[in-house]
A.B. asks: 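Can you read through this structure? Questions will come right after.
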Number of protein chains: 4
Amino acid sequence: MAARVRLSAEVRRAQIVDSAIGVIADDGFAAATFARIARRAGLSSTALISYHFTDKADLMRAIVGAVFAKAYDFIRPRMDAQSSPAAILHEFIVASVEFYAAHPQAIRALTAVRGNLRRADGRPEFGPEIHDPELAQLQEFMHQAQRAGEMATFDTRVAAVSLRAALDAAALEVSRPDRTDPARYARELARLFASATGQKAVKP
Amino acid sequence: MAARVRLSAEVRRAQIVDSAIGVIADDGFAAATFARIARRAGLSSTALISYHFTDKADLMRAIVGAVFAKAYDFIRPRMDAQSSPAAILHEFIVASVEFYAAHPQAIRALTAVRGNLRRADGRPEFGPEIHDPELAQLQEFMHQAQRAGEMATFDTRVAAVSLRAALDAAALEVSRPDRTDPARYARELARLFASATGQKAVKP
Amino acid sequence: MAARVRLSAEVRRAQIVDSAIGVIADDGFAAATFARIARRAGLSSTALISYHFTDKADLMRAIVGAVFAKAYDFIRPRMDAQSSPAAILHEFIVASVEFYAAHPQAIRALTAVRGNLRRADGRPEFGPEIHDPELAQLQEFMHQAQRAGEMATFDTRVAAVSLRAALDAAALEVSRPDRTDPARYARELARLFASATGQKAVKP
Amino acid sequence: MAARVRLSAEVRRAQIVDSAIGVIADDGFAAATFARIARRAGLSSTALISYHFTDKADLMRAIVGAVFAKAYDFIRPRMDAQSSPAAILHEFIVASVEFYAAHPQAIRALTAVRGNLRRADGRPEFGPEIHDPELAQLQEFMHQAQRAGEMATFDTRVAAVSLRAALDAAALEVSRPDRTDPARYARELARLFASATGQKAVKP
DNA sequence: GATGAATGAGGTTTCATTCAT
DNA sequence: CATGAATGAAACCTCATTCAT
């Protein structure tokens, strides 16, 4: 019998979240039972999960929060370092793809949880509207670029939705075994986006 | 008590598939239990499902097949009626969005099943490679358009993946309660794609 | 492995109710888990209980209903055969004690369920008001006896409550191992009640 | 966060017992988990209960002891102040009902624990024999009253059991929201008892 | 004395599926 | 073809209790 290991709540929670991400990424949302998560994390009992999370939904929300925070911390500073709206969007694309390539499991788990988690009443915990704040952000940058003459006129909602979707697809694409080189994929996608939005000059 | 109804196997299967699509679209993949599907279909016993489908996986695959066939029958003839590669792709986009707007439940169920169904060994039944044949098709049309001088040069894989993803996102977008008018969405998306691919002239 | 036994829902439900009564009477309300009830009834799985009862509360309510019906069927006809209000109450006492002596397990289970069953919100399923209809009945007979000059004047609510309580206590008393002879206990209690209510003559 | 409070063992035990009484009275025996008791008492951990009581059964026995002692201290002196056996029994009844009216929670908890607590082997911790000493006491007073010519002859065991039961019922009756005035209830019950036992004169 | 983390047993319930009718 | 009863596995969660600090 393994010795009783005592960790701080924070560390234990992170450990459980990581284990859950692994299970979901490898075996799918439905396979993410407490028993499997506990086994993968080397916990003595599933009760330990219940001790640190009020609910299974609570654990799932923690996964979303953790992945989202990690992505934000990686991508945001690189966007902030840019000086023009078009450059910001370009960097957003490139940094996002890089992050996806670096953390394929987290992204797969995030997608699975977002698509499957439901409230007790059956309504989705994360409906399509979950993307709206981010889409609004993207649209704002596009508007700025349009006003600055960096981009042509187009429907920013359709463009933002399509860009967001293209990035989600890129996440899967760059984590395939026979995957394209992520840097090249990012470059191509950015070029495609620049062309779609009618940018005059594309970064070399 | 409802009278015992006897139907031909084919009709019964279709009824069960439809019911399952409704449950998945409304309440999610995990809620698609035999009990719920049977109740929604007005069946007296879940055994009837087991009788007509060897497996739960069998039922799920039947859903995918049914939706896919319906979409194919709607979209394919309209593509075939076009005369140039670029026009074919344009029609593909427009017809797809129209189909999504007309059958939101089917699309939502299809997405859910594709994302969640696993084989007994845990591997996904529909991995990312499921899209490959369709992507290859799209890439082929793009190549033809490029050779014909209708489109500029770009990485067709990235473009095809992104288009496929943008269409999936469109499906959700046009089935939201406060949804954009599908026809307009289709037009905007087609224009965006035309611009991204460097098409000279866009259909009015 | 035992052969699969198929029973009608009605028979199976009765079997489960009986088993549950036995467990509660022998080992208490808290011990009445599905596992123990199933084992005592020789069921292959606790799922069979869930199949026949929507809830654990549903099973508990079935116990109360079953015991109550059995007692009613035994006691009521004997009351109806009497010709005066005082004689009816006398017979009520005697028949009740006899029933308790004949079915000690059922009575103990009934008491346990009534005292412990709670609704989901925590409120008692059977509060003190559960006795009110029966108490009202008893008070009505007492009033009739008073008007007929068979009984003196007294507060019928207090008398009815006390009689009901004395009978409950009698149930325990006559089911003790070293128990008094039930017939004698019934006679003594009836005499005590007659005296308390100021009856002129007591049945010999 | 609440400051860490250090109390003497005695005070802490009493605090826990009070909290447990409250939980049992409000939500029933089954709801009396360490978690709920600790929360209601404002304790930071259930371990504190385990520290002060060897067992859950130990806590339950402490509840019974505490309530019993409180009742004894209230009722006994008033009985001792009487001069005749009949007067003692009269005062016992009146004082008991007054106590029940003043401490409804304690009584409800006492009843619940007595009815449900079991030993490890499943046998009741407080069987029907728990009442025997008190019943013997009551019977002794009745015998004395009979010898003194204050009461008629009757079976004292039946009378004592019935009186004890009538008092338990009174406890519930006077704690109902629409309750009878306890003083009046006590008077009526005492009169009923006097009449049942053939007392010559009843105290005014 | 007090605390928060950890433990393992066991609770109800739901599931897909099988079987006899 | 259809049905309702039966099955055994496994789900989440709560429990009293122990342990290290």
Side-chain angles (χ1 to χ4, degrees), chain A residues 1-9 11-13 30 32-38 43-57 59, chain B residues 1 3-9 12 30-38 43-57 59, chain C residues 1-9 11-12 30-38 43-57 59, chain D residues 1-9 12 30 32-38 43-57 59:
Chain A
M1 186 188 303
R4 187 183 276 223
V5 179
R6 269 177 78 91
L7 298 178
S8 76
V11 173
R12 189 64 96 185
R13 279 177 64 99
T33 67
F34 279 11
R36 270 161 101 129
I37 296 168
L43 310 183
S44 64
S45 155
T46 64
L48 195 54
I49 302 176
S50 291
Y51 179 77
H52 286 285
F53 298 89
T54 62
D55 237 3
K56 188 168 190 187
L59 169 57
Chain B
M1 187 188 302
R4 187 182 280 219
V5 180
R6 289 169 77 101
L7 298 176
S8 79
R12 194 58 107 185
T33 66
F34 279 13
R36 270 160 102 130
I37 295 168
L43 310 181
S44 61
S45 163
T46 62
L48 198 55
I49 302 176
S50 292
Y51 181 80
H52 286 284
F53 297 89
T54 64
D55 233 8
K56 188 170 188 186
L59 168 57
Chain C
M1 186 189 303
R4 187 183 277 221
V5 179
R6 268 176 79 91
L7 298 178
S8 76
V11 172
R12 190 62 97 186
T33 66
F34 279 12
R36 269 161 101 129
I37 295 168
L43 310 182
S44 64
S45 155
T46 63
L48 195 53
I49 302 177
S50 291
Y51 179 76
H52 286 285
F53 298 89
T54 62
D55 236 5
K56 188 168 190 189
L59 169 57
Chain D
M1 186 189 303
R4 185 183 281 219
V5 180
R6 289 169 78 101
L7 298 177
S8 79
R12 194 59 104 184
T33 66
F34 279 13
R36 269 160 102 129
I37 295 167
L43 309 181
S44 61
S45 163
T46 63
L48 197 55
I49 301 177
S50 291
Y51 181 81
H52 285 285
F53 297 89
T54 62
D55 234 8
K56 188 170 188 186
L59 168 57

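Worth saying up front: this structure is predicted, and the values here are computed from it rather than measured.
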A.B. asks: Locate the shortest heavy-atom distance separating C:F34 from C:L59; write the atom from each residue and the value.
C.D. replies: CE1-CD2, 4.3 Å
A.B. asks: If you compare every side-chain N and O of C:H52 against the phosphate oxygens of F:dG4 (OP1, OP2), does one of them come in below 4.0 Å?
C.D. replies: no
A.B. asks: Would you tell me if any nitrogen or oxygen in the side chain of B:S45 comes within less than 4.0 Å of OP1 or OP2 on F:dA2?
C.D. replies: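 Checking F:dA2 against B:S45, no side-chain N or O comes under 4.0 Å of OP1 or OP2.
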A.B. asks: Classify B:S50 by what it touches in the nucleic acid, base, sugar-phosphate, or nothing, heavy-atom distance under 4.0 Å.
C.D. replies: base
A.B. asks: To check you understand the geometry: which heavy-atom pair defines the closest contact between D:T46 and D:A38, and what is its length?
C.D. replies: CG2-CB, 4.1 Å
A.B. asks: How close do C:R12 and C:V5 get, counting heavy atoms only, and between which atoms?
C.D. replies: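 For C:R12 and C:V5, the tightest heavy-atom pair comes out as NH2-O, 3.1 Å.
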A.B. asks: Rounded off to whole Å, could you give me the CZ-to-C1' distance for the A:R36 and F:dC12 pair?
C.D. replies: 16 Å
A.B. asks: Mind listing the closest non-hydrogen atom pair of D:T33 and D:K56 along with its distance?
C.D. replies: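 So the two residues come closest at CA-NZ, 4.2 Å.
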A.B. asks: From C-beta outward on C:R6, which listed nucleotide comes closest to its side chain: F:dG4, F:dA16, F:dA6?
C.D. replies: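 Nearest nucleotide to the side chain: F:dG4.
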A.B. asks: Got a second to check how far C:Y51's OH is from C:L43's CG, nearest 0.5 Å?
C.D. replies: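 Rounded to the nearest 0.5 Å, the OH-CG separation comes out at 14.0 Å.
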A.B. asks: To the nearest Å, how far apart are A:I37 CD1 and F:dC13 C1'?
C.D. replies: 14 Å
A.B. asks: For C:S8 and for A:K56, locate the closest nucleotide of DNA chain F by heavy-atom distance; then report the residue assigned to the nucleotide nearer the 5' terminus.
C.D. replies: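 Final value for this comparison: C:S8.
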A.B. asks: Name the nucleic acid region contacted by B:I49, choosing base, sugar-phosphate or nothing; use a 4.0 angstrom heavy-atom cut-off, strictly under.
C.D. replies: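 No contact.
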A.B. asks: Who is the Watson-Crick or G-U wobble partner of E:dA20, with both distances under 3.5 Å?
C.D. replies: F:dT3
A.B. asks: For E:dA2, does either OP1 or OP2 sit under 4.0 Å from a side-chain N or O belonging to D:R12?
C.D. replies: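 Looking at the OP1 and OP2 atoms of E:dA2, one of them is under 4.0 Å from a side-chain N or O of D:R12.
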A.B. asks: Considering only side-chain heavy atoms of B:A47, which listed nucleotide, F:dC19, E:dT21, E:dT18, is closest?
C.D. replies: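 The nucleotide sitting nearest to the side chain is E:dT18.
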A.B. asks: Less than 4.0 angstrom between a side-chain N/O of A:R4 and OP1 or OP2 of F:dA20, yes or no?
C.D. replies: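 No, because none of the side-chain N or O atoms of A:R4 sits under 4.0 Å from OP1 or OP2 of F:dA20.
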A.B. asks: Would you please confirm or rule out a distance under 4.0 Å between OP1 or OP2 of F:dC13 and any side-chain N or O of A:T46?
C.D. replies: no
A.B. asks: Of the nucleotides E:dG1, F:dT7, F:dA5, which one has an atom closest to the side chain of C:S44?
C.D. replies: F:dT7
A.B. asks: From the options F:dT14, E:dA6, F:dT3, select the nucleotide whose nearest atom is closest to the side chain of B:L48.
C.D. replies: F:dT3
A.B. asks: What's the closest nucleotide to the A:F34 side chain, out of E:dA5, F:dC13, F:dA6?
C.D. replies: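 Looking only at heavy atoms from C-beta outward on A:F34, the closest nucleotide is F:dC13.
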A.B. asks: Tell me which of A:A32 and C:L43 sits closer to the 5' end of DNA chain F, going by the nucleotide each one is nearest to.
C.D. replies: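 It is C:L43 whose nearest nucleotide is closer to the 5' end.
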A.B. asks: Tell me whether the side-chain N/O atoms of D:Y51 come closer than 4.0 Å to OP1 or OP2 in E:dA2.
C.D. replies: no
A.B. asks: Rounded to whole angstrom units, what separation is found between the CZ atom of C:F53 and the C1' atom of F:dA6?
C.D. replies: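 So the two atoms are 15 Å apart, to the nearest Å.
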A.B. asks: Rounded to whole angstroms, how far apart are CG on A:L7 and P on E:dT3?
C.D. replies: 22 Å
